[in-house]
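Single-structure report; data block below.
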Amino acid sequence: GGTSCDVWFYFAGLGCGTLAVLEQNEAGIVLLKSFDWNDGLFDVTWSENNEHVLITSSGDGSLQIWDTAKTKGPLQVYKEHTQEAYSVDWSQTRGEQLVVSGSWDQTAKLWDPAVGKSLCTFKGHEGVIYSTIWSPHIPGCFASASGDQTLRVWDVKAPGAKLVIPAHQAEILSCDWCKYDENLLVTGAVDCSLKGWDLRNIRQPVFILLGHTYAIRRVKFSPFHATLLASCSYDFTVRY
């Protein structure tokens with residue numbers, strides 16, 4: 001009716017999992033739909049080609065495809081990871097419709113939601129994978145952050161990592177790409193620091209941001225401002 005609104009979600013990551021789809025409008029925040037899964041849900045990503053579809057990743061190692069237009073779900077379950085599927089992301093470049101997942105089994109997997117099994121498995125990390133994020137600029141390129149203290153950049157056409165960056169001397173829990181610079185990524189780690197990395201010169205970070213007092217759980221670049229990012233931490237703060 002001409003009013004502005006946002007549809008978003010939250011999920012529970014302990015015990016049984018719940019995916020809740022929420023709408024924010026002038027009246028406040030209302031629950032549109034909720035779905036239950038029999039294990040914790042750790043991450044979720046919206047489809048880039050269907051406004052009703054989401055994919056979640058679970059503690060039982062599976063991915064679930066949900067359709068908010070349906071009363072029940074999931075539409076499909078992919079079970080290949082042998083440990084917790086901790087991260088899932090839908091490709092951003094619009095050149096392809098691909099999903100990447102990262103797991104505590106130390107692998108990342110590539111998926112086409114229209115295909116019932118993974119297209120490829122990426123090995124190389126020596127610790128659990130906490131984050132897998134598609135480049136918003138480069139088709140077929142994603143980054144992964146791991147407990148092995150490295151940030152890695154992958155090309156889906158190649159089996160091994162294109163770049164291995166020893167980014168922190170601690171587990172790396174999160175990474176993200178800058179929306180305005182295809183060569184710039186940020187990592188957040190258990191050492192309480194954020195570091196920026198230029199893929200053209202990985203010998204040292206281009207910035208280090210300090211201030212958090214516990215591990216950094218998630219970091220995101222702003223989609224609107226090239227130099228603005230946000231981080232949230234186990235110190236119970238969000239910082240910009």
Side-chain angles (χ1 to χ4, degrees), residues 43 45 48 86-103 106-111 119-210 212 215-232 239-240:
D43 203 5
T45 183
E48 291 289 329
Y86 204 69
S87 176
V88 64
D89 195 35
W90 199 294
S91 58
Q92 300 293 304
T93 59
R94 310 283 178 149
E96 66 282 305
Q97 296 298 327
L98 297 173
V99 171
V100 64
S101 60
S103 171
Q106 305 182 9
T107 71
K109 287 182 178 286
L110 180 70
W111 309 83
L119 304 180
C120 186
T121 299
F122 300 91
K123 299 179 180 180
H125 276 298
E126 298 175 1
V128 302
I129 296 176
Y130 289 110
S131 181
T132 47
I133 304 290
W134 287 104
S135 167
H137 304 282
I138 308 167
C141 178
F142 70 91
S144 59
S146 170
D148 67 9
Q149 307 180 3
T150 67
L151 171 71
R152 301 187 186 219
V153 178
W154 309 79
D155 182 339
V156 298
K157 297 182 179 66
K162 289 174 56 178
L163 286 174
V164 179
I165 304 171
H168 296 259
Q169 292 184 326
E171 289 193 297
I172 306 169
L173 303 185
S174 184
C175 64
D176 195 32
W177 297 80
C178 179
K179 310 303 183 291
Y180 294 86
D181 184 343
E182 68 178 28
N183 293 300
L184 183 60
L185 293 101
V186 63
T187 52
V190 172
D191 63 9
C192 310
S193 73
L194 297 166
K195 294 184 180 181
W197 301 96
D198 188 325
L199 300 184
R200 296 164 296 188
N201 182 4
I202 62 173
R203 288 177 294 178
Q204 59 185 14
V206 293
F207 64 77
I208 301 176
L209 301 176
L210 305 174
H212 281 296
I216 294 168
R217 175 65 183 87
R218 186 66 63 90
V219 59
K220 296 296 289 185
F221 270 107
S222 168
F224 302 104
H225 303 283
T227 59
L228 184 65
L229 52 84
S231 58
C232 61
R239 304 187 184 219
Y240 300 91

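Just so it is clear, the model here is predicted, and its values are computed rather than measured.
Interatomic distance, CD of E171 versus OG of S146, reported as 7.5 Å (0.5 Å rounding). Note that the CZ atom of R239 and the CG atom of L229 stand 13.0 Å from one another [nearest 0.5 Å]. From T150, atom OG1 reaches atom CD1 of I172 across 6.0 Å, with rounding to the nearest 0.5 Å. Within the model, atoms NE2 of H212 and CZ of R217 stand 13.0 Å from one another, a figure rounded to the nearest 0.5 Å. Distance CD1/I165 to NZ/K195: 11.5 Å, rounded to 0.5 Å. Separating the OG atom in S231 from the CZ atom in R218 is a distance of 12.0 Å, to the nearest 0.5 Å.
Between V219 and D176 the shortest heavy-atom distance is O-CB, 3.5 Å. Considering every non-hydrogen atom in both P136 and K179, the closest pair reads CG-CD, 4.0 Å. When all heavy atoms of A108 and I129 are compared, the closest pair comes out as N-CD1, 3.8 Å. Closest approach of V153 to C141, counting heavy atoms only: CG1-SG, 3.6 Å. Shown here for I202 and V164, the closest heavy-atom pair between the two residues is CD1-O, 4.1 Å. Of all the heavy atoms in Q106 and G127, the pair that sits closest is CG-O, 3.2 Å.
Proximity of a side-chain donor or acceptor of E182 to a complementary backbone N or O of Y180 within less than 3.5 Å is not detected. Without hydrogens or angle criteria, D43 side chain to V88 main chain gives a donor-acceptor distance under 3.5 Å. Between the side chain of S222 and the main chain of F224, a donor-acceptor pair closer than 3.5 Å is present. The backbone N or O of C178 sits less than 3.5 Å from a side-chain atom of H137, completing a donor-acceptor pair.
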Step-by-step side-chain contact (heavy atoms from CB on, under 4.5 Å) determination, F122 to L110: CA-CA 8 Å; F122 300 91; L110 180 70; 3.8 Å; yes
W134 vs V100, side-chain contact (heavy atoms from CB on, under 4.5 Å): CA-CA, chis, key distance, verdict: CA-CA 8 Å; W134 287 104; V100 64; 3.4 Å; yes
T187 and C175: CA distance, side-chain angles, deciding distance, side-chain contact (heavy atoms from CB on, under 4.5 Å) verdict: CA-CA 4 Å; T187 52; C175 64; 4.2 Å; yes
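Inter-residue side-chain proximity for S144 and T132 is flagged as met; some heavy-atom pair is nearer than 4.5 Å. Contact check for L185 versus I133: no side-chain heavy atoms found under the 4.5 Å cut-off. A 4.5 Å side-chain heavy-atom check between E48 and T45 finds every atom pair outside the cut-off. Residues F207 and V186 are in side-chain contact: their nearest non-hydrogen atoms beyond the backbone lie under 4.5 Å apart.
E96 CD: more than 12 foreign heavy atoms inside a 6.0 Å radius.
For D181, there are no salt bridge (charged side-chain N to carboxylate O under 4.0 Å, His left out) partners, not counting sequence neighbours.
For the residue pair T121 / T107, no side-chain donor-acceptor distance below 3.5 Å is found, with atom types taken as modelled.
In summary, of the residues considered (L209, L194, L173), a side chain to side chain contact (heavy atoms under 4.5 Å, CB included) with I216 occurs for L194 alone. Partner of L184 under the side chain to side chain contact (heavy atoms under 4.5 Å, CB included) criterion, chosen from W177, W197, F221: F221.
Residue pairs meeting the salt bridge (charged side-chain N to carboxylate O under 4.0 Å, His left out) criterion with at least one partner in residues 127-151, sequence neighbours excluded, are D148-R152.
Between W154 and F142, the ring-plane angle classifies as parallel under the 30° and 60° cut-offs.
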